[in-house]
Undergrad: 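Can you read through this structure? Questions will come right after.
So that the names make sense, note that chain A is the first sequence line, chain B the second, and so on, each numbered from 1. Computation of the quantities below employed the complete heavy-atom set of this structure, encompassing side-chain atoms and omitting hydrogens, waters and symmetry-equivalent molecules.
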2 protein chains.
Amino acid sequence: MDQPLAIDAFAALAHDTRLSVFRLLVRRGPGGTPAMELARLLDLRPSTLSGHLSALRRAGLVTTQRHHREIRYAPNFEAVGGLVAFLLHECCGGKAGDCLPGL
Amino acid sequence: MDQPLAIDAFAALAHDTRLSVFRLLVRRGPGGTPAMELARLLDLRPSTLSGHLSALRRAGLVTTQRHHREIRYAPNFEAVGGLVAFLLHECCGGKAGDCLPGL
DNA sequence: ACGTCATTTCGCGTATTTACGAAACATGGA
DNA sequence: TCCATGTTTCGTAAATACGCGAAATGACGT
């Protein structure tokens with residue numbers, strides 16, 4: 001995870017609706033959730049949600065898979081792990097432990 | 001670290017110049033670095049840098065302290081830790097380990 | 001081929017972000 | 001007090017992000 005990739009991921013998460021979408025995807029599990037079900041759960045217009053899902057996908061934070069007629073979006077935990085590693089390696093004082101006293 | 005706070009921090013880091021400033025502050029250590037020294041090192045206009053430093057401070061990612069005539073900016077490792085904790089608790093599948101196979 | 005459901009793309013108006021120079025403000029030394 | 005240094009605020013112009021409805025695309029059942 002280099003700086004441009006991290007920036008895309010930070011930007012994707014730096015928006016209330018997108019972060020809510022992503023957290024909901026995480027809670028719903030790795031099996032994925034159809035886009036329209038997310039729209040219902042979060043009361044979002046289809047076109048609005050689609051734009052946010054595209055942003056999350058461009059940032060590598062979600063993956064897609066067609067299932068019958070619908071497209072299931074699933075969180076990409078590796079991307080989250082990459083972000084966490086970036087923060088610990090690049091944004092903590094040499095030792096990652098400086099940022100996580102509890103770990 | 002709740003969602004609005006995390007969004008502010010993500011937004012602050014989701015910009016090439018600001019992330020470069022923050023990483024430089026981290027490398028320079030907790031003692032802090034004068035703003036104009038950052039401007040020289042990164043070739044930034046004073047007013048541009050000032051805006052970015054203000055954004056980082058509003059997001060809680062840096063702290064300031066006057067020292068003689070200059071203002072030293074220092075990274076706030078607790079904020080980074082809070083972001084990491086948010087990602088591990090809210091954006092991983094129940095168990096934080098899902099995002100960090102190596103830990 | 002047709003209609004329908006699921007999703008994306010397009011076009012628009014509006015709001016926010018960004019960089020910059022000029023000016024203002026703050027601090028400390030002569 | 002006056003001046004130089006360090007930093008922020010202000011005003012402006014260009015770029016980007018946002019939400020929405022309308023229209024287009026894609027996939028399936030009949």
Side-chain angles (χ1 to χ4, degrees), chain A residues 3-25 28 31-76, chain B residues 3-25 28 31-76:
Chain A
Q3 174 151 330
L5 248 46
I7 285 172
D8 286 344
F10 285 140
L13 297 177
H15 187 279
D16 191 59
T17 302
R18 273 195 304 270
L19 185 49
S20 296
V21 168
F22 186 70
R23 291 177 64 188
L24 179 54
L25 284 175
R28 297 214 112 225
T33 309
M36 285 301 99
E37 191 169 340
L38 298 171
R40 278 196 307 278
L41 290 170
L42 295 172
D43 191 29
L44 296 169
R45 309 293 165 273
S47 63
T48 300
L49 174 63
S50 179
H52 288 313
L53 287 172
S54 294
L56 289 169
R57 184 157 45 80
R58 273 196 305 275
L61 287 165
V62 303
T63 59
T64 60
Q65 193 183 359
R66 285 208 91 107
H67 217 261
H68 303 102
R69 219 181 292 200
E70 57 203 16
I71 299 183
R72 302 179 90 91
Y73 282 81
N76 181 5
Chain B
Q3 174 151 332
L5 248 44
I7 285 173
D8 287 344
F10 285 140
L13 297 178
H15 186 280
D16 192 58
T17 302
R18 273 193 304 267
L19 184 50
S20 296
V21 167
F22 186 70
R23 290 178 64 190
L24 179 53
L25 284 176
R28 299 214 109 224
T33 309
M36 287 298 98
E37 192 169 340
L38 298 171
R40 279 196 307 277
L41 290 170
L42 295 172
D43 191 29
L44 296 170
R45 311 291 167 274
S47 63
T48 300
L49 174 63
S50 179
H52 288 312
L53 287 172
S54 293
L56 289 169
R57 185 158 44 82
R58 272 195 305 274
L61 287 165
V62 302
T63 59
T64 60
Q65 193 183 358
R66 283 209 95 106
H67 217 260
H68 302 103
R69 220 181 293 199
E70 57 203 17
I71 299 182
R72 303 178 89 89
Y73 282 80
N76 180 5

Undergrad: Can you tell me the distance, in whole Å, between the CG atom of D43(B) and the C1' atom of dA19(C)?
TA: 13 Å

Undergrad: Rounded to the Å, how far apart are R40(A) CZ and dT7(C) P?
TA: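 It is 9 Å, rounded to the nearest whole Å.
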
Undergrad: Minimum heavy-atom separation for H15(B) to I7(A), with atom names?
TA: C-CD1, 4.0 Å

Undergrad: OP1 or OP2 of dA22(C) sitting under 4.0 Å from any side-chain N/O of R45(B)?
TA: no

Undergrad: Find the distance L53(B):CG to dA19(C):P and express it as a whole number of Å.
TA: 12 Å

Undergrad: Assign H52(B) to base, sugar-phosphate, or nothing according to its heavy-atom contacts below 4.0 angstrom with the strands shown.
TA: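 Here H52(B) touches the backbone only, sparing every base.
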
Undergrad: Using whole Å, report how far CD of E70(A) lies from P of dT7(C).
TA: 6 Å

Undergrad: Could you check if a side-chain atom of L53(B) sits within less than 4.5 angstrom of a side-chain atom of L38(B), using non-hydrogen atoms only?
TA: yes

Undergrad: Heavy atoms only: give me the nearest G32(A)-A74(A) pair and the separation to one decimal.
TA: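 It is CA-CB, 3.8 Å.
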
Undergrad: Let me know the distance between CG of L49(B) and P of dG21(C), rounded to the nearest Å.
TA: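 Going from L49(B) (CG) to dG21(C) (P), I get 14 Å.
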
Undergrad: Taking five pairs at each end, how big is the angle between the two axes of the helix from dA1(C)-dT30(D) to dA30(C)-dT1(D), to 10°?
TA: 20°

Undergrad: For residues 58-68 of chain B, which side-chain donor-acceptor pairs fall under 3.5 Å, sequence neighbours excluded?
TA:
unit_1, atom_1, unit_2, atom_2, d
R66(B), NH2, R69(B), O, 3.4

Undergrad: Do R28(B) and E37(B) pass the side-chain contact (heavy atoms from CB on, under 4.5 Å) test, and can you show the C-alpha distance, the side-chain angles, and the key distance before you say yes or no?
TA: CA-CA 11 Å; R28(B) 299 214 109 224; E37(B) 192 169 340; 2.8 Å; yes

Undergrad: NA contact type, R72(A), heavy-atom cut-off 4.0 Å: base, sugar-phosphate, or nothing?
TA: nothing

Undergrad: Roughly how many Å is it from CZ in R57(A) to C1' in dT7(C), rounded to a whole number?
TA: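 Going from CZ in R57(A) over to C1' in dT7(C) covers 11 Å.
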
Undergrad: Between R66(A) and L44(A), which has a closest nucleotide on DNA chain D that is more 5'?
TA: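 So the residue in question is L44(A).
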
Undergrad: Whole angstroms only, please: what is the CG-C1' distance between D16(B) and dT18(C)?
TA: 13 Å

Undergrad: Donor-acceptor pair, R18(B) side chain versus A12(B) backbone, under 3.5 Å?
TA: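 Yes, because the side chain of R18(B) sits within donor-acceptor range (under 3.5 Å) of the backbone of A12(B).
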
Undergrad: With a 4.5 Å cut-off on side-chain heavy atoms, are R23(A) and Q3(B) touching?
TA: yes

Undergrad: Taking OP1 and OP2 of dT4(C), is either one under 4.0 Å from a side-chain nitrogen or oxygen of H68(A)?
TA: no

Undergrad: So where does chain B start and stop touching DNA chain D, 5' to 3', when the test is distance under 4.0 Å to a non-hydrogen atom?
TA: dA4(D) to dT9(D)

Undergrad: Taking only the side-chain nitrogens and oxygens of T48(B), find out if one of them lies under 4.0 Å from OP1 or OP2 of dC20(C).
TA: yes

Undergrad: Looking at Y73(A), does any N or O in its side chain come under 4.0 Å of the phosphate oxygens OP1/OP2 on dA6(C)?
TA: no

Undergrad: Just to verify, which of L24(B), L25(B), L19(B) counts as forming a side chain to side chain contact (heavy atoms under 4.5 Å, CB included) with V21(B)?
TA: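 Exactly one candidate clears the test, L25(B).
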
Undergrad: What's the CZ-C1' distance between R58(A) and dT8(C), to the nearest Å?
TA: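 It is 12 Å, rounded to the nearest whole Å.
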
Undergrad: What is the minimum heavy-atom distance between N76(A) and F22(A), and which atoms define it?
TA: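 Residues N76(A) and F22(A), closest heavy atoms: N-CE1, 4.5 Å.
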
Undergrad: Can you tell me if S20(A) uses its side chain to pair, donor with acceptor, with the backbone of D16(A) under 3.5 Å?
TA: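 At least one qualifying donor-acceptor pair exists.
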
